[in-house]
Asks: 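To start, I am sharing the structure in question, which I have written as structure tokens.
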Number of protein chains: 2
Amino acid sequence: MATIRDVARLADVSVATVSNVLNSADRVSPELAARVRAAMEKLSFTPHAGARSLRKRSSGLIGLVVGDITNPFFSDLFEAVEDAAAACGYLVLLCNSNERSEREEAHLRMLRTQRIDGLILAPTGAVSMNRASLLAQLEVPVVLVDRAMEGLGYDAVVLDNRRAGFEATQQLIACGHRRIGLVNGPDVLRTAAERLAGYREALLAAGLSFDPALVRDAGFRQQPAEQAMAELLALPEPPTAIFATNNLMTIGVAKAVADRGLACPQDISLIGIDDLPWAAAVSPQLSAIAQPVRAMGEAALALLIRRLAGTLSGPGTTIVMEPRLVIRRSCGAPAQELSAAGKPAHVD
Amino acid sequence: MATIRDVARLADVSVATVSNVLNSADRVSPELAARVRAAMEKLSFTPHAGARSLRKRSSGLIGLVVGDITNPFFSDLFEAVEDAAAACGYLVLLCNSNERSEREEAHLRMLRTQRIDGLILAPTGAVSMNRASLLAQLEVPVVLVDRAMEGLGYDAVVLDNRRAGFEATQQLIACGHRRIGLVNGPDVLRTAAERLAGYREALLAAGLSFDPALVRDAGFRQQPAEQAMAELLALPEPPTAIFATNNLMTIGVAKAVADRGLACPQDISLIGIDDLPWAAAVSPQLSAIAQPVRAMGEAALALLIRRLAGTLSGPGTTIVMEPRLVIRRSCGAPAQELSAAGKPAHVD
DNA sequence: ACTCGTTTTTGTAACGTTTCAATCAGGCTC
DNA sequence: GAGCCTGATTGAAACGTTACAAAAACGAGT
């Protein structure tokens, strides 16, 4: 494979000149530059990223580690980040931790040997001390997405989770629901805790009481959500509407509903966080709180670039993005509502 | 950041020894190795991939370029490839071409500067001469996935597309359908052509005639599929069942069906290629020809590894994987079938 | 004790770039 | 025509590793 020396020889210039046309093109006279470029073309020369990264002390690589690339949220995120990074001349190294923190840590080590220039991390699970030190060892700027880790001083891009929880719940209340189930993630995660807070706030605002029996932790996963939903449906007084706080759990909930032969929204209403690309194509047509995923990816990359360029310094900035309510047919009036009007208070 | 020299100094050995414990651990005595490892630990030393790739003439990087990471087929593929690669000590560089061949070519150039050791490519669109030469310039083994490119002598892993087309169609025929629409990709792509061939073969085997008016090219994309489906439904004698030859088009078709207020399978039956993770959770519960995606990814990586190890040489091998039929409720008997029995031939 | 194989260890030259100080070639000014 | 300035070009020293040949250490066999 052709090297810079070969190009220099063919164009009859020094290697330094070739390097100059590659990097600071304006420092070399037009005629020479043209000659050099012709030589490169002829030899189909491609610079060696390794050598370059060795000499300059940067690799042009940005790491992106996500929990599950199979989740549309993360694949969209990757797409957005990759596009934005390409525009800035960076290459994105995607790491999929499969939601296992050991894998994630292995990836962080790998990224260190690659000498990435910066990292965008969608942390899986809670902060471990171990991970914090791995991040520090990276010695590069880090931007968190989706889940913030307070106290480490990193930049972050997150959804306004409280508001997301509030709006979803409010929407169900507006349809007339009074018993609203919540299928949530573990409340040790800030994300889940805030969504729960929004849910409670909306209940409070509507003068409804909070019933702990209606909220379940399904770990942000599909299978447990299905199970949790089954339990909620088996309650003596089951909820008439469900709010699931991420896309996987929304699917799990829909599955449980379908398995019991219930129709949506006739028998039960449903709203989730994260819109899904096929949501309008199938039944129930899922209503959702959409996250501006692309914008989040772009914002995260922009923060990183500003850190790298030195135009941003000091303690971590957190960018809060606003959710967007997408109403489709999975939310409707509760069946009870209609009949309850003319029904006596206690029928046992 | 600590270098190999620092480690050597601290452990009081030569740099060569440090390098040896890193690479060929058995060539160095246990006690020294321990000392060196302790020093590495203390300095939290991490080798520099760039320098390494410069000196050894390999980077430990494998490129994977796909058309659309947002498509579950490709995100599953990535997951499988990454897992398998990690087990062999390789890191996967994912490139998302967004189905645009210019992006794909830019990515191939990028991968060349990264000096990847091998490439797994799910080619988007048809073979261009330009791309063929870019691939050749890479000077590394290439394995094609999903779509083969004949004549270039590369290894490939593909689905038995003819059989997939055959089985899907056969299934619909078995339900009693006689007018089966085909929403396919462009038949310049081998994949699409073979699926079409399987479709025709199944019709023939059942003594049904092939009606070109019932087949549409929707470019393997959702939006055009929705459009194509609308056209099929507007036909004077619309099909009673549809076979869509990939997941995006299946969604598009489902959307068109839903938009017209038709029920599935009561009004129309539906089967697609590529199973979807949420297929059982929503209605219609989509039947599908599932591709063994993980196995395909693993097979592709295995081929690549064998090429790299030199245990496989000579002309390209093509591995053909078998599809698996997953029947859910989106296939049923045609409505016409029931009433047509007692109905006169022409009712206008 | 001495020579020979083995096994460990080491010095050092690459690998392909960039950087930086140094040289060179013109063109101005006086 | 000498002196200077400016901008283009270049030589050579890194950057952190590995590979290879050479040196050292170690036993074993005489």
Side-chain angles (χ1 to χ4, degrees), chain A residues 1-37 39-40 43-61 89 91 109-117 137 139, chain B residues 1-37 39-40 43-61 89 91 109-110 112-117 139:
Chain A
M1 200 163 292
T3 118
I4 225 178
R5 298 186 87 88
D6 303 323
V7 175
R9 194 156 26 230
L10 179 57
D12 194 34
V13 296
S14 73
V15 296
T17 300
V18 178
S19 173
N20 279 334
V21 8
L22 236 31
N23 300 295
S24 32
D26 50 327
R27 301 183 62 83
V28 42
S29 74
E31 50 250 289
L32 261 205
R35 224 162 73 210
V36 168
R37 261 187 274 270
M40 287 180 174
L43 297 174
S44 77
F45 163 81
T46 314
H48 188 300
R52 193 190 286 241
S53 124
L54 177 58
R55 185 60 242 246
K56 310 171 51 161
R57 325 204 77 240
S58 79
S59 59
L61 259 32
L91 182 59
R109 263 183 283 270
M110 183 73 105
L111 291 174
R112 187 156 121 97
T113 95
Q114 295 295 333
R115 296 295 190 274
I116 52 170
D117 292 341
Q137 285 182 356
E139 298 172 32
Chain B
M1 199 165 292
T3 118
I4 226 177
R5 297 185 89 88
D6 303 323
V7 175
R9 194 156 26 232
L10 180 57
D12 194 35
V13 297
S14 72
V15 296
T17 301
V18 178
S19 173
N20 279 334
V21 7
L22 237 30
N23 300 295
S24 32
D26 50 327
R27 301 182 64 82
V28 43
S29 74
E31 50 251 288
L32 261 205
R35 224 163 73 210
V36 169
R37 261 187 275 270
M40 287 179 173
L43 298 174
S44 76
F45 163 81
T46 314
H48 187 300
R52 193 191 286 242
S53 124
L54 177 57
R55 185 61 245 244
K56 308 168 57 158
R57 327 205 76 236
S58 79
S59 59
L61 259 32
L91 181 59
R109 263 183 283 270
M110 183 74 106
R112 187 156 119 98
T113 95
Q114 295 295 333
R115 297 295 192 274
I116 52 169
D117 292 341
E139 297 172 33

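These figures come from a predicted structure and were not determined experimentally. Naming: A, B, ... by sequence-line order, numbering from 1 per chain.
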Asks: Give the minimum heavy-atom separation between A:G50 and B:S53, together with the two atoms involved.
Replies: CA-OG, 4.3 Å
Asks: Is it true that a side-chain atom of B:S58 and a backbone atom of B:D117 form a donor plus acceptor pair closer than 3.5 Å?
Replies: no
Asks: From A:L111 CG over to A:Q137 CD, what is the distance, rounded to the nearest 0.5 angstrom?
Replies: 13.0 Å
Asks: Considering non-hydrogen atoms only, spot the tightest contact between B:L54 and A:L54 and give its length.
Replies: CD2-CD2, 3.7 Å
Asks: Find the distance between CG (B:N20) and OG (B:S14) and round it off to the nearest 0.5 Å.
Replies: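 That separation rounds to 7.5 Å.
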Asks: Under a 4.0 Å heavy-atom cut-off, which of residues 49-58 of chain B touch DNA chain C?
Replies: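 Nucleic-acid contacts, sorted: B:L54, B:R55, B:R57.
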Asks: Near DNA chain D, which residues from residues 23-33 of chain B have a heavy atom under 4.0 Å away?
Replies: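 Close to the strand are B:N23.
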Asks: Please give me every residue in residues 10-19 of chain A whose heavy atoms get under 4.0 Å of an atom in DNA chain C, ordered by residue number.
Replies: A:A16, A:S19
Asks: Let me test you: for the helix from C:dA1-D:dT30 to C:dC30-D:dG1, what is the angle between the axes at its two ends (five pairs each), rounded to 10 degrees?
Replies: 60°
Asks: Could you report the tightest heavy-atom contact between B:F45 and B:T3, atom names first, then the distance?
Replies: CE1-C, 3.6 Å
Asks: Atom CG of B:L43 to atom P of D:dG16: distance rounded to whole Å?
Replies: 14 Å
Asks: Let me confirm one number: the CZ-NE2 distance from A:R57 to B:H48, rounded to the nearest 0.5 Å.
Replies: 7.0 Å
Asks: Let me know the distance between CG of B:D6 and C1' of D:dT17, rounded to the nearest Å.
Replies: 13 Å
Asks: Rounded at 0.5 Å granularity, tell me how far OG1 in B:T17 sits from CZ in B:R27.
Replies: 11.0 Å
Asks: What's the spacing between A:I116 CD1 and A:E139 CD if we round to 0.5 Å?
Replies: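 Here the interatomic distance stands at 11.5 Å.
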Asks: Output the rounded distance in Å from CD1 (A:I4) to P (D:dA12).
Replies: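 My rounded result for the distance is 17 Å.
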Asks: Between atom CG of A:L91 and atom CD of B:Q114, what is the distance when rounded to the nearest 0.5 Å?
Replies: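 So the gap between those two atoms works out to 5.5 Å.
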Asks: Please list, in 5' to 3' order, the outermost nucleotides of DNA chain C lying under 4.0 Å from any heavy atom of chain B.
Replies: C:dT8 to C:dG16
Asks: If you measure only the distance, is there a donor-acceptor pair under 3.5 Å linking the side chains of B:R112 and A:T46?
Replies: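 Yes.
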Asks: Of all residues at least two apart in sequence or in a different chain, which pass the side chain to side chain contact (heavy atoms under 4.5 Å, CB included) check with B:R52?
Replies: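 With neighbours one apart ignored, the set is B:L22, B:N23, B:P47, B:K56.
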Asks: Which pair of heavy atoms, one from B:D6 and one from B:M1, lies closest together, and at what distance?
Replies: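 Looking at all heavy atoms of both residues, the shortest contact is OD2-O, 4.3 Å.
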Asks: Go through it in stages, so that I can follow the logic: the residues are A:V36 and A:M40, the test is side chain to side chain contact (heavy atoms under 4.5 Å, CB included), and I'd like the CA-CA distance, side-chain angles, deciding distance and then a yes or no.
Replies: CA-CA 6 Å; A:V36 168; A:M40 287 180 174; 3.9 Å; yes
Asks: Please give me the minimum heavy-atom distance between B:A33 and B:V28, naming the atom from each residue.
Replies: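 Residues B:A33 and B:V28, closest heavy atoms: N-CG2, 4.1 Å.
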